[in-house]
Amino acid sequence: MQRSKIVLAEDNSTLSLLLKYRLEKEGYEVLVAVDGKEAVELVESHKPDMVLADIMMPFYSGLEVVSYIRNKLKKDIPIIIFSSAGQEEMVLKAFNLGANDFMTKPFSPNELVIRLKRFFS
Amino acid sequence: MNLYEYLIDAFNQAPVLIQIGFLIVLALIICIITLIISLRAIRSYLNIKGKEIIKNKKEFEALVVEYLYSGTGFDELSEKQLAIITRIKDAIISTSKRKSVITILSNLMNEVSGEMSDSIKTLYHKIGLITYATQRLESKKWHIVAKAIVELRRFKVYETQDKVATFLNHPRKEIRKEAQLYSVHLFKFNGLSFLDDLETPLSEWHQLLLLEALLNLENQKICDITPWLKSSNTSVVLFALKLVKIYTQFETKETLIELLSHPEKEVRVYTLKVLKELFGYEAEESLIENTSTSDLRIDAEMSLLNLVKN
Amino acid sequence: MDNDIIKIIIDIFHYLFFTGSFLAVLSYVVLSIISAVETIEYVKKNSFVNYNHILSSPISPSITIIAPAYNESLNVVENVRSLLSNHYPNYNVIIVNDGSSDDSLEKLIEAYDLEHVEYVVNEKIKTQPFREGVFKSKNPAFEKLIVVDKENGGKADALNMGLNISESKYVACIDVDCLLLEDALQKMIKPFMEATDHKVIAAGGVIRIANSCVIKGGKLIEVNLPKNLIVQAQILEYLRAFLLGRMAWSRLNGLLVISGAFGIFEKETAIKVGGYDTATVGEDMEIIVRMRRYMEEQNKKYKVAYIPDPLCWTEAPDNYKTLISQRNRWTRGTIETLRKHRKIAFNKNYGKFGLLSYPYWLFFERLAPVVEVTGIIYFGILIAFNLVHWQYAVLFIALAYLFSVLFSIVALYSEELTYNQYKKKGAGYKLILLCFIEPIILHPIVLYAAIRGNIDYYFNKKKKWGAMERKGMTAAETS
C-alpha cells in the first residue's frame, strides 16, 4: 500500500521535527516546509494527501496557503490549521477559506494524530 | 630617510595650530583604520557564530526529539533517555550550547501540551539548567536576572519561588515585572498577592501581560478583588477594574460606585465604563444622579457620550 | 583705519566659523556616545520581550493606520493588501484618497469589493469635504478597511480627515507606498503602553531603503544593497541619521521630528492641538513640535518615543532630480516649522525643548548649510585674491572629511552589532568604501538642495505654497 503523504508547514523547526518523527512512526510520509511559500511549492510538486499548516508563518501565512490550495489549485485535500491563543478570528477566516480542522497551540502531538487519522479512515 | 627627516623638520617648524591639526588627522586615520579592521572582524565573527548556532540547533533538536520519544510511558526514564541527558549535560558547559538548548526547549514549551510538556520540564531539570538559572539570579546585571526569571517561569520551576519573591519589589522595573509575572504564572490568582502592598506603578503593558497569564489558565477560582479596588496605587485600581470587567464581578458594585469619586479622572472614567458593561445603560443613568459634585457629573456625562459613540 | 575694521570683521568671522565647526563635531561625538548607551539599553531590554501576548490580549489598544493616497493607482491595491496583513489584533486601515485624478478609487472598489456607506464625520479638524464619501468592503475578509474619497487638500489635509474618522486610541500615519513589516504595530505600540509617570504622545520609526530589495505579495523577502550609488549613499545617510542621531535624541527626549513615512500618535493629543498643519510642506515635523509645545504649556510630563527596529521600508529617490526636489522640500519644511514656533527658541519655559532641541535644530539643521556655503564662497574669494594659507586650508578640509568618514563608520558599526540587515557577502566592503565616497557624491547634492530650499522659501513665493501639489514620491524624512 502506498503511504499517505503529508505536507507540514511550520516555522518552529523543533516542533516540525517532533511532529515529523511522530507521524512517520504512524506510517505517513512527511514533507516539511519552513514557511508558507515553501509549503505551496511542496503541495504543487508532491500532491500530498493532507496539509498541516501553522497560521503565523513568514512570507505566506497559513491562511494564504489554504486559499492557494482551495482557490488556485482547486484541491479538496484535508487541511488542518495550527493557531495560537487569540487567533480565533483567523481560525474563522481559515474555515471560511476551506480549512477542515484546527488545533490551538499548545497542543499534544497525540491529539493531532487522533484528529488526523479521522481524515484517513 | 631624507624624506622622513624633511617631514619631521617641516612639522617642527610649522605653527602650533598646524601641529595640533596634523596630530588630530593622524589620530583620526588611526581611529578609522582600527574601526574598519574591527568591523571586518565582527562581521566574520557574527558569520561564524551564526553558523555555529545553526549547527548547535540541528544537533540538539534531534537529541531533544529523540529524548521525548524514548519515554517508557512510566515515571522512570528509559536508558536511552538517561544517555541523552548525560550527553546534553556535558555539552551545555559551553555557554553557547546552553543557550541553544534553552531556546529549543522554551520554543517547544509554547507549542506542545500535556505529557510532552511535562517531559520537557523533566528534561530541563535533569540536565541541570535549573542550577544555571538559579546562579544567574545572583548576577549584578539586571538583564541577566530578568532573563533568568523568564526562563524559570517558562519551565514552571517552583523550587526558586522564595528567591524570586525577593525581586517582587525590586527597584529595577524589568526585574520587578518578570518576578511578578513569574508569581502569577505559577500561583495564578494567589500569585497576585503582591498587589496588596505594591507601591510602584504597573504600566499598561505590564497589566496586559498579567492578564494574559491569568486568562491562559483554566478552571480557576477568582479571589476577592475588592481590596485592590481600594488600593492607593492608581495603576493597581485600574488593573483591578479590568479584572472586574473580564471576570464579570457583579458583587463589586458598591465599591465601583465609591470609585466614581476617585481623585483620578482615568479611574472614574474607566469605572463608568465597567459599570456600563456590567449593569447596562439604566444603571448608569441612576449613577449619574447619585454622583454628587458637579465636576464629576460633567465628567461622567462626557464619558457617557463617548461610550454611546463607541 | 578702514583696513583695521575689515581685519577685525574677518577675524570675528574666522572665529565664528571655527567655533561652529568645532561645536558641530563635538555634538556628533556627544550624540554618538549617547546613542551607544541608548542602543545597548534598548537591545538588553528587548532581549526577553515576548510580543505574542499582545496578539491575544483582549485589552490591546486600538490603532488606526491612516494612509493618504494621491494618484497611486499603480501600486495602491498591492500596498493596501500589505497594510491589511499586519499582525495586530485591534486595528483598522483608513485609506484617504486625496482627490486623485487617476483610477485609484475604482481599482480599490474592484479589488476589495467596496460599497458606499453613509457616514457623518464628526469634524474635529476642518478638512476638505468628501467627494465620493466613505467605502467599506462587503467581504468580511477586508472588514478592517475603510476607504475615504475626498476633495484634494494635500497630505496634511488627508491625514486630518483620517484623524476625524478614526475611532481608535492611536493613529499610525504612514505613506501608502511604504512597506510595513508584519510586527510593526505591536513593536511601535509598546512604548505607549510602557509609560507610567509620563505620557507618550508619539513614537517614530526607522525608515529603511527598499530599492533593490525583493518584495513579494507585500512582504519583504530579501534585503539587498542597491547598485545605484545615489541610493547607496542615502542608505549610509539614513543609517547615520537613525542609528546615531535619532537614537541619541530619543534618549534625551528631544526628538523634533518623526518620519512622515511612519509614526504613531496618541490621537487625543493630536486632535487637541488641531491636527496637521495644511499650510506647510513640513507637516510631519510641525505636528511634533506643536504637540510638544502643547504638552510643555500644559506642564504635563511627556515623551516622544523612538523604535530603532527596521519596520518600515520605502523607495528612495534614485536620481539627482527627485532627490534634490525632496531635500528642497524638507529644507522648506524645517524653515517653516522653526519660524512658526520661534517663540520656543531659547525660552526656558519650554525647558530642554527650548534650550537644547530647538537651538540644535536651528544651528545644525537649519543654518549649517547656509554657514557651509558662506564658508565655501569666502574660500573662493580668498583663492581669487591669492590669500589662502594652504597649509591651514588643506588641514581643515582633511579634518572635516575624516570626521565625516569616521561617523559613517561608527554608524555602520552600530548597524552591524544591532540589526545587521546587509548580511550578503561583499556588502560589508561596499558599505565601508561608501563611507569614503559618500561625502563627495551625496553631500554636495544635499547642500545644493538645501540652498535651493532657502532660495525658494525666501524668493519664490509660488513654491512656498507648494504644499498643495503633492509629489508622487513621498520618501522618508531623515535628520
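In what follows, every chain begins at residue 1, and chains take the letters A, B, ... in the order their sequences are listed.
- Here the rule is side-chain hydrogen bond (donor to acceptor under 3.5 Å, both in side chains) with C/Glu438, and of C/Gln232, C/His443, C/Arg240 only C/Arg240 fits it.
- Comment: C/Lys169 does not engage C/Glu266 in a salt bridge, judged by the lack of any side-chain N to carboxylate O separation of less than 4.0 angstrom.
- Contacts of C/Tyr422 with chain B are made by backbone atoms alone, with heavy-atom separations under 4.5 Å and no side-chain atom involved.
- Proximity to chain B is absent for every atom of C/Val394, based on heavy atoms less than 4.5 angstrom apart.
- Only the backbone of C/Lys423 comes within less than 4.5 Å of a heavy atom in chain B; its side chain stays farther off.
- Between B/Lys273 and B/Glu277 no salt bridge is recorded (no basic side-chain N to carboxylate O distance below 4.0 Å).
- Ion pairing between a basic and an acidic side chain is recognised when a charged N comes within 4.0 Å of a carboxylate O; C/Lys303 and C/Glu194 show no such pairing.
- Looking at C/Phe192, there are no atoms closer than 4.5 Å to chain B (heavy atoms on both sides), in backbone or side chain.
- Using a 4.5 Å cut-off between heavy atoms, C/Ile432 contacts chain B through its side chain alone, with no backbone atom that close.
- The closest side-chain heavy-atom distance from C/Pro61 to C/Ile189 is below 4.5 Å.
- Taking 4.5 Å as the limit, every side-chain heavy atom of C/Tyr170 sits out of range of all side-chain heavy atoms of C/Met188.
- In this structure, the portions of B/Leu39 lying under 4.5 Å from any heavy atom of chain C include both its backbone and its side chain.
- Not one N or O on the side chain of C/Ser166 forms a donor-acceptor pair closer than 3.5 Å with the backbone of C/Gly162.
- For the options C/Leu395, C/Asn50, C/Ile54, heavy-atom pairs under 4.5 Å to chain B are most numerous at C/Leu395.
- Using a 4.5 Å cut-off between heavy atoms, B/Ile246 touches chain C through its side chain atoms alone.
- Only the side chain of C/Asn420 comes within less than 4.5 Å of a heavy atom in chain B; its backbone stays farther off.
- Heavy-atom distances place the side chain of B/Leu209, and not its backbone, under 4.5 Å from chain C.
- A distance-only check finds no donor-acceptor pair linking the side chain of B/Arg136 to the backbone of B/Val145 [under 3.5 Å].
- In this structure, the portion of C/Leu417 lying under 4.5 Å from any heavy atom of chain B is its side chain and not its backbone.
- Put simply, the side chain of B/Asn233 gets close to the backbone of B/Thr200: a donor and an acceptor are under 3.5 Å apart.
- Ranked by heavy-atom pairs under 4.5 Å with chain C, the first of B/Glu174, B/Glu151, B/Lys141 is B/Glu174.
- A salt bridge does not link C/Glu416 to B/Arg40: none of the charged nitrogens lies less than 4.0 Å from a carboxylate oxygen.
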>> Using the rule given for side-chain contact (heavy atoms from CB on, under 4.5 Å), can you reason through C/Ile59 versus C/Asn90, listing the C-alpha separation, both sets of side-chain angles and the distance that settles it, and then say yes or no?
In response: CA-CA 9 Å; C/Ile59 59 165; C/Asn90 190 5; over 6 Å; no
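- A donor-acceptor pair under 3.5 Å links the side-chain atoms of C/Asn46 to the main chain of C/Tyr42, judged by distance alone.
- Looking at B/Leu35, the atoms closer than 4.5 Å to chain C (heavy atoms on both sides) sit in the backbone and in the side chain alike.
- Per-residue counts of heavy-atom pairs under 4.5 Å with chain C were compared for B/Ile36, B/Leu211, B/Asn47, B/Leu208; the largest is that of B/Leu208.
- Heavy atoms of B/Val25 lying under 4.5 Å from chain C belong to its backbone as well as its side chain.
- Options B/Val150, B/Ile18, B/Leu202, B/Leu17 differ in how many heavy-atom pairs under 4.5 Å they form with chain C, and the most are formed by B/Ile18.
- Contacts between B/Glu178 and chain C at a heavy-atom distance below 4.5 Å involve the side chain alone, from C-beta outward.
- Using a 4.5 Å cut-off between heavy atoms, C/Tyr401 does not touch chain B at all.
- Contact of B/Lys245 with chain C is not made at all, since no heavy-atom distance falls under 4.5 Å.
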